[in-house]
Amino acid sequence: MSMAGHRRIIMHVDVNSAFLAWQATYDLQRGSTLDLREIPSAVGGNQAERRGIILAKSTPAKKYGVETGEVLWQALQKCPSLVVVPPNYDLYMKCSNALYAVLEEYSPKVQRFSVDEVFMEYTNMQPHFGEPVEAAHRIKDRIRKELGFTVNVGIGPNKLTAKMAGELKKPDMVHTLMTREEIEKKMWPLPVRELFMVGRQTEKKLKLMNIYTIGELARADRKFLCDKLKSFGNVVWCYANGLDESPVHAGYNLIMKGIGNSTTIKHDVDTHEDAYKVLLSLTESVSLRLRAARACCRVISVEFRTDQLQGYSHQRKIFAATNVTMEIFGVVKELFDEGWKGEKLRHLGVRVTDLTADDFMQMTVFDQEQKDKKMALDAAIDRIRSRYGNSAVMRAVFADGNFAPMMGGSGAEDYPVMSSIL
DNA sequence: TCTGGGGTCCTAGGACCC
DNA sequence: TCTGGGGTCCTAGGACCC
């Protein structure tokens, strides 16, 4: 909440080619003489495990037309010399934490927006750290020197303008979008697709209205847009005009809305037995994270993706909130049986939503003793796993080694992800 | 030779209630 | 025997973000 007439100053810090830069930094610190950022390179999933897409690319790779999200073999056609390294999520989490720790020194209000993006409230911080642009340069240079990777810093009167400023030109730059004039000059000429929240579908609809640039969207009739795009029309119109009042949510105090894990399976699954193994594995990691967050869930959903890449889902609200692995798994099995249309499945997911705090767990009328036992078992397994690692305890169904006992979730701490409305 | 995994929010339609 | 209308809850699907 900002007082009327009070001018906020928000900074957005965005790591340049985060996954790739972090890997390169790590390699250099361990004595490598090759900087991945200086050659055509990418972080990519494992093709043999059918996860072969580009997760991040170097600037030289970008010059060959390599794009994030594209399938590996296509990227290799464009750039045969492309060096592809596997992802390392634990490393990313460590680098992200290090970045966050530095930024916390400059403001009491720092919001983790994603693993590689942070919003920082700089309002009223000038007496301590100087004018915003100078401070941003110092912060940026300090991160490069101390942590070894570069960031862009965007500065604006709200989160939207700060974020858009940070995207203007990369890498290792500071940009501002403080005034109406700056917005019109720097942001309005950009293709409308570059506006936060304008994806492929919205771009297509806007084109049909003859809107191609952010400026054209900003000057379009608001009522007309609401007519065509419903409430979303208002959102994008405001964003195009640099309007946004959303607060910076400091630290972890945002409530998580849901926890999910999903996985692409090495071989298509077409039996209940195999699907159950995958689903149990996913349920294990979801419920572990749920308990770590000291939460229970009231909605459980199972997500399907077929070998034809057709996706669908099935969910149910349960009577009493729970975080007991085998209770959740019981519902997951039911949902799978009801939802599965019998196709070959390449991908399965488990997600829990409608979370509540676990401190006053609703007493179940029946079988309280049974429930206590299950909760004690989960707690004991969680303790062993946190002490000796996730593979220290394994359910017997996984003993044949065909499926991993804990799929998804890196064990890294969870933090709230920003909402799409900023 | 195919297209990851983690999220959030919005909308539409049906069930159900008064 | 009649079919108005408002409200809430639930589920599925779609759009977007990184």
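Worth knowing before you read on, the calculation uses all heavy atoms, side chains too, and leaves out hydrogens, waters and symmetry mates. Reminder, nothing fancy here: chain letters follow the sequence lines and each chain counts from 1.
- Residue A:Ser301 is classed as having no contact, given no heavy-atom separation below 4.0 Å to the nucleic acid.
- Distance check: A:Lys57 NZ to A:Glu67 CD gives 7.5 Å after rounding to the nearest 0.5 Å.
- No side-chain donor-acceptor contact under 3.5 Å links A:Ser58 and A:Glu38.
- Between A:Lys230 and B:dA12 there is a side-chain polar atom (N or O) within less than 4.0 angstrom of OP1 or OP2.
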Could you list, one pair per line, each protein nitrogen or oxygen that sits under 3.5 Å from a nitrogen or oxygen of nucleotides 8-10 of chain C, together with the distance?
unit_1	atom_1	unit_2	atom_2	d
C:dC10	OP2	A:Lys317	NZ	3.2

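- When the side-chain nitrogen and oxygen atoms of A:Ser114 are compared with OP1 and OP2 of B:dG7, none of them lie within a distance under 4.0 Å.
- For A:Ser262, the side-chain atoms get nearest to B:dG5 when compared with the rest of B:dG5, C:dC16, C:dC17.
- For DNA chain C, the stems formed by at least three consecutive Watson-Crick or G-U pairs, with both atom-pair distances below 3.5 Å, span B:5-18 with C:5-18.
- Contact between the side-chain N/O atoms of A:Arg346 and the OP1/OP2 oxygens of B:dG4 is found at a separation under 4.0 Å.
- The residue A:Gly45 sits apart from the nucleic acid: no heavy atom pair falls under 4.0 Å.
- Atom CD in A:Gln77 sits about 14 Å away from atom C1' in B:dT3, given to the nearest Å.
- If you check every strand for non-hydrogen atoms under 4.0 Å, A:Val198 touches sugar and phosphate atoms only.
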